Structure formats: C-alpha cells, structure tokens
Amino acid sequence: MHAITLTEYGDPEVMVWTEVPDPVPGPGEVLISVSASAVNRADLQQRQGNYPPPAGASDILGLECSGVIADVGADVTSWNVGDRVCALLAGGGYAEQVVVPAGQVLRVPDGLDLHVAASLPEVACTVWSNVVMYAGLSAGDTLLIHGGGSGIGTHAIQVAKALGARVAVTAGSAEKLEICRSFGADILIDYKTSDFTEELRSATDGHGADVILDNMGAKYLSPNISALAMDGRLVTIGMQGGRVAEFDFGALMAKRGSVHCAGLRARPLTGQGGKADIVRQVREHVWPMIADGAVVPVVHAEVPVSDAPQAHRMLDDHATVGKVILRVR
C-alpha cells in the first residue's frame, strides 16, 4: 500500500507519499480500506519529532480515519467486510489501509458522507471523555472552551448545547466568534483584545465556568483557575501555551477546584476510561446527536492525502475553522 512517511523530522515538506508494507489484522482487529483521514495538531507535533507514537502503534501519522472494512481478524464478530466505518487510531491514518482494534471502530452515521466521517472520531472521543465522562458537564452548567473555532471547539460547542449547558468560547477574531455563535455559543470572547477571565465573570454575574476545556496548558493555567466557578473542573488537553507553569494552590483550594490533564492516544483499549469504553459511550450518546442534526461535523477543507503538507499548513492558519480532511480514495 501507499502511505505518508517522514523523510526526517521538520517542516511539512518532510512528508512524502510512498510505498510501505501492507498491514495485516491480528486477533480482535479489523483492516480498514481508508477513504479519508483528518489532520490533528498531534500530527504536526509528531512530524516535528515532539510526539512519538505509543509503544506498538504505527509510526505513520493519522489518529482517525473513515473507510470500508476490508478484512477482520480472529475473534471479531461485531464487524463485517464491507461495513462503512470510522475509527479512532493510535496512528496509521495517512495511508491506504490501517489496522485498528475492533473496539475503536464506529459505524458511519446514516446519511453522512464517508469522507466527512473521518473528521469525527478524535473530536467526539476527546470531547466526550473529558467534558462529560470526567468533568461531568450537565444541563445548566457553564462550559468555557478555548479555541472555539477549532475542530475540538466547534464540536464541543454543539455537544454542550445539546446537553443543555451554557457555552462561552475564546477565539482570535470576530469572524471566528460569529461562527461559534452560529453553532450555539452564548458568550463570545476575543482573547486578543479582552481578558477572558474578566469577560467570563462579567457575562456570568460572577459565577465563572463550571468546566473549562483548555488547549493552552501553562500560559492559561493561572487565569483558568481564576475563571473557575466553585467546584469547577479545569480539563487541559493541549500545551500550545507551554508545558511548565507555577500556580497558587490556595487559589485552587478556595474554589474547591480540580485540574485534570488527559491525553487520548496512549489510553489502553480496555478498562474504565479506555478507548473501547469511550467509543461505546460516543456511540450511545453522541451518534444520536449527529443523527438528529443537533451536532454536525465542521470541515474547513478536503485535500488529497498526497498534499498532506498543504493540509498541515492549513491547520496552522488562524483562518481555519473546524477540521481539515485528507482524501485517500
């Protein structure tokens, strides 16, 4: 088969479309003939040499895909050859074929374009596992989402609104904030011109955020704690603002608050909070939201997988809203 490989670590041009060995499904795995993958910020970090795959995972980029099942391994009874699926991956999505544990596979929702379905597994599993399974967002809560115009952000807005929450977002332009409003965001904060903590407290009559979904890490740690409501939960899923920070434990204790840092890629397949558990909950709770139109995938662009360098540059462009899809076939 063909796949994107790295000639070295570095700029987008180190990615090349080349021939690699065909993958073979083992027990409990399925082989997917890939129709599309999607670009995630973790892919950019891996390309730069800053985010190696977990032990045993493919070193090919790509944390999600959509396609058709081409083969099933021993002990797989839940999937059949020909099923239209999308899947959460630990790697390997930028390729014509990929092997994945059967528990990380989702059926493509009825009526959804097969290529567009590639944009869903990573955002759906990230948002549900962190915002709902861990932080317990529920109706009446206020959720603050940093990077509201991102793939994660646009999905999280819609899921939170479907759950009955009030949603605040930060973004870096009026255009992005208006797009967030169109997906249901209630409180719009331009982080370039405003102090998001002050703006949030003003808009919530001093309450703050019950849950914060953060992609910045160190840079936003202290202001995020200030923005928390009593018993608030800060969930950090990215480190775009750095890895190391100091903060006042007293400020967190005064809020009875918690800080949770979580990744998805290296989670185990099984067990509570494992990938199979997350995928099952996404199937049960998020897929019906997609079926009834409460949640729609947000795709900025589709480009051929051979143009992966262009797709990576798009993700770094502040004008990009939602996901960038790589068409494989």
Side-chain angles (χ1 to χ4, degrees), residues 38-41 44 116 119-120 122-124 126-127 130-131 135 137 139-217 219-229 232-241 289 293-301 313-325:
V39 181
N40 290 279
R41 194 153 295 277
L44 278 64
V116 171
S119 70
L120 284 172
E122 183 75 16
V123 294
T126 295
V127 170
N130 287 288
V131 173
L137 185 77
D141 284 347
T142 296
L143 169 66
L144 170 61
I145 303 165
H146 291 300
S150 66
I152 292 286
T154 53
H155 182 82
I157 292 168
Q158 298 176 79
V159 169
K161 294 303 293 183
L163 293 172
R166 176 168 54 171
V167 177
V169 298
T170 64
S173 70
E175 292 79 11
K176 277 197 173 184
L177 289 172
E178 282 304 312
I179 291 171
C180 292
R181 186 198 301 275
S182 74
F183 288 116
D186 304 287
I187 301 167
L188 311 175
I189 304 170
D190 187 332
Y191 68 82
K192 291 183 177 179
T193 60
S194 304
D195 181 311
F196 73 80
T197 299
E198 293 181 0
E199 291 291 321
L200 178 69
R201 291 212 161 272
S202 175
T204 59
D205 296 323
H207 177 79
D210 300 288
V211 179
I212 299 176
L213 184 62
D214 171 63
N215 60 354
M216 292 298 291
K219 182 178 180 180
Y220 276 13
L221 179 57
S222 290
N224 274 333
I225 291 172
S226 296
L228 283 176
R233 291 84 72 196
L234 166 60
V235 181
T236 296
I237 59 171
M239 298 178 287
Q240 295 180 41
M289 298 177 185
V295 175
V296 298
V298 182
V299 175
H300 180 83
R313 284 190 291 269
M314 281 184 181
L315 200 66
D316 263 341
D317 188 332
H318 293 299
T320 299
V321 174
K323 298 296 287 280
V324 177
I325 290 175

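Positions are given from 1, in the same order as the sequence printed here. Remember, predicted model here, so these are calculated numbers, not experimental data.
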*Asks:* Do Tyr220 and Asn215 make a side-chain contact, defined as non-hydrogen atoms from C-beta onward lying under 4.5 Å apart?
*Replies:*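 In short, these two side chains do not touch, never coming nearer than 4.5 Å.
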*Asks:* Applying the side chain to side chain contact (heavy atoms under 4.5 Å, CB included) test to Ile187, which of Thr204, Thr170, Leu177 qualifies?
*Replies:*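 It is Thr204; the other options fail the test.
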*Asks:* If only atom types and distance count, is the side chain of Ser119 paired as donor or acceptor with the main-chain N or O of Val116 below 3.5 Å?
*Replies:*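 Yes, because the side chain of Ser119 sits within donor-acceptor range (under 3.5 Å) of the backbone of Val116.
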*Asks:* From Ile212 CD1 over to Leu234 CG, what is the distance, rounded to the nearest 0.5 angstrom?
*Replies:* 5.5 Å
*Asks:* Give the minimum heavy-atom separation between Ala209 and Leu144, together with the two atoms involved.
*Replies:* CB-CB, 3.9 Å
*Asks:* Where is the tightest heavy-atom contact between Val211 and Ala135, given as atom of each residue plus distance?
*Replies:* CG1-CB, 3.7 Å
*Asks:* Test salt bridge (charged side-chain N to carboxylate O under 4.0 Å, His left out) on Asp190 and Lys176; report intermediate values, then the result.
*Replies:* CA-CA 9 Å; Asp190 187 332; Lys176 277 197 173 184; over 6 Å; no
*Asks:* Working to the nearest 0.5 angstrom, can you tell me the gap between Leu200 CG and Ser226 OG?
*Replies:*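 One finds 11.0 Å between CG of Leu200 and OG of Ser226.
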*Asks:* If you round to the nearest 0.5 Å, how far is SG of Cys180 from CD of Glu175?
*Replies:*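 Going from the CD atom of Glu175 to the SG atom of Cys180 covers 11.5 Å.
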*Asks:* With a 4.5 Å cut-off on side-chain heavy atoms, are Thr236 and Met216 touching?
*Replies:*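 No, every pair of side-chain atoms sits at 4.5 Å or beyond.
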*Asks:* Go through it in stages, so that I can follow the logic: the residues are Leu221 and Ile225, the test is side chain to side chain contact (heavy atoms under 4.5 Å, CB included), and I'd like the CA-CA distance, side-chain angles, deciding distance and then a yes or no.
*Replies:* CA-CA 6 Å; Leu221 179 57; Ile225 291 172; 4.1 Å; yes
*Asks:* Give me the atom names and distance for the closest heavy-atom approach of Gly153 to Ser150.
*Replies:*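 Distance-wise, the nearest heavy atoms are N-OG, 2.9 Å.
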*Asks:* With a 4.5 Å cut-off on side-chain heavy atoms, are His155 and Val298 touching?
*Replies:*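 No - every pair of side-chain heavy atoms lies 4.5 Å or more apart.
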*Asks:* Where is the tightest heavy-atom contact between Thr197 and Pro223, given as atom of each residue plus distance?
*Replies:*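 What the structure gives for the nearest pair is OG1-O, 3.0 Å.
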*Asks:* Do the non-hydrogen side-chain atoms of Met314 and Val39 ever get within less than 4.5 Å of each other?
*Replies:* no
*Asks:* Is any side-chain heavy atom of His300 closer than 4.5 Å to one of Leu315?
*Replies:*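 Not in contact.
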*Asks:* Can you see which heavy atom on Lys323 is nearest to which on Val123, and at what distance?
*Replies:* NZ-CG1, 3.8 Å
*Asks:* Evaluate salt bridge (charged side-chain N to carboxylate O under 4.0 Å, His left out) for Glu198 paired with Arg201, printing each intermediate quantity in order.
*Replies:* CA-CA 5 Å; Glu198 293 181 0; Arg201 291 212 161 272; over 6 Å; no
*Asks:* Looking at side-chain heavy atoms only, is the closest gap between Lys161 and Asp186 below 4.5 Å?
*Replies:* yes
*Asks:* Compare every heavy atom of Phe196 with every heavy atom of Ala227, then report the nearest pair and how far apart it is.
*Replies:*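 That would be CB-CE1, 4.2 Å.
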*Asks:* Can a donor-acceptor pair be found, under 3.5 Å and without considering hydrogens, that links the side chain of Thr154 to the backbone of Gly322?
*Replies:* no
*Asks:* Name each donor-acceptor pair under 3.5 Å that joins a side chain in residues 162-169 to protein atoms two or more places apart or in another chain, with its distance.
*Replies:*
unit_1 : atom_1 : unit_2 : atom_2 : d
Arg166 : NE     : Thr142 : OG1    : 3.1
Arg166 : NH2    : Thr142 : OG1    : 3.2

*Asks:* Could you walk me through whether Ile145 and Leu143 pass the side chain to side chain contact (heavy atoms under 4.5 Å, CB included) check?
*Replies:* CA-CA 6 Å; Ile145 303 165; Leu143 169 66; 3.7 Å; yes
*Asks:* Give the intermediate values and the outcome of side chain to side chain contact (heavy atoms under 4.5 Å, CB included) for residues Ile179 and Ser182.
*Replies:* CA-CA 5 Å; Ile179 291 171; Ser182 74; 4.3 Å; yes
*Asks:* What is the distance from atom CD1 of Ile237 to atom CZ of Arg41, rounded to the nearest 0.5 Å?
*Replies:*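 Here the interatomic distance stands at 11.5 Å.
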*Asks:* Rounded to the nearest 0.5 Å, what separation is found between the NE2 atom of His146 and the CD1 atom of Ile152?
*Replies:* 14.5 Å
*Asks:* To the closest 0.5 Å, what do you measure between CG (Asn130) and CZ (Arg233)?
*Replies:*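 The CZ atom of Arg233 is 13.0 Å from CG of Asn130, to the nearest 0.5 Å.
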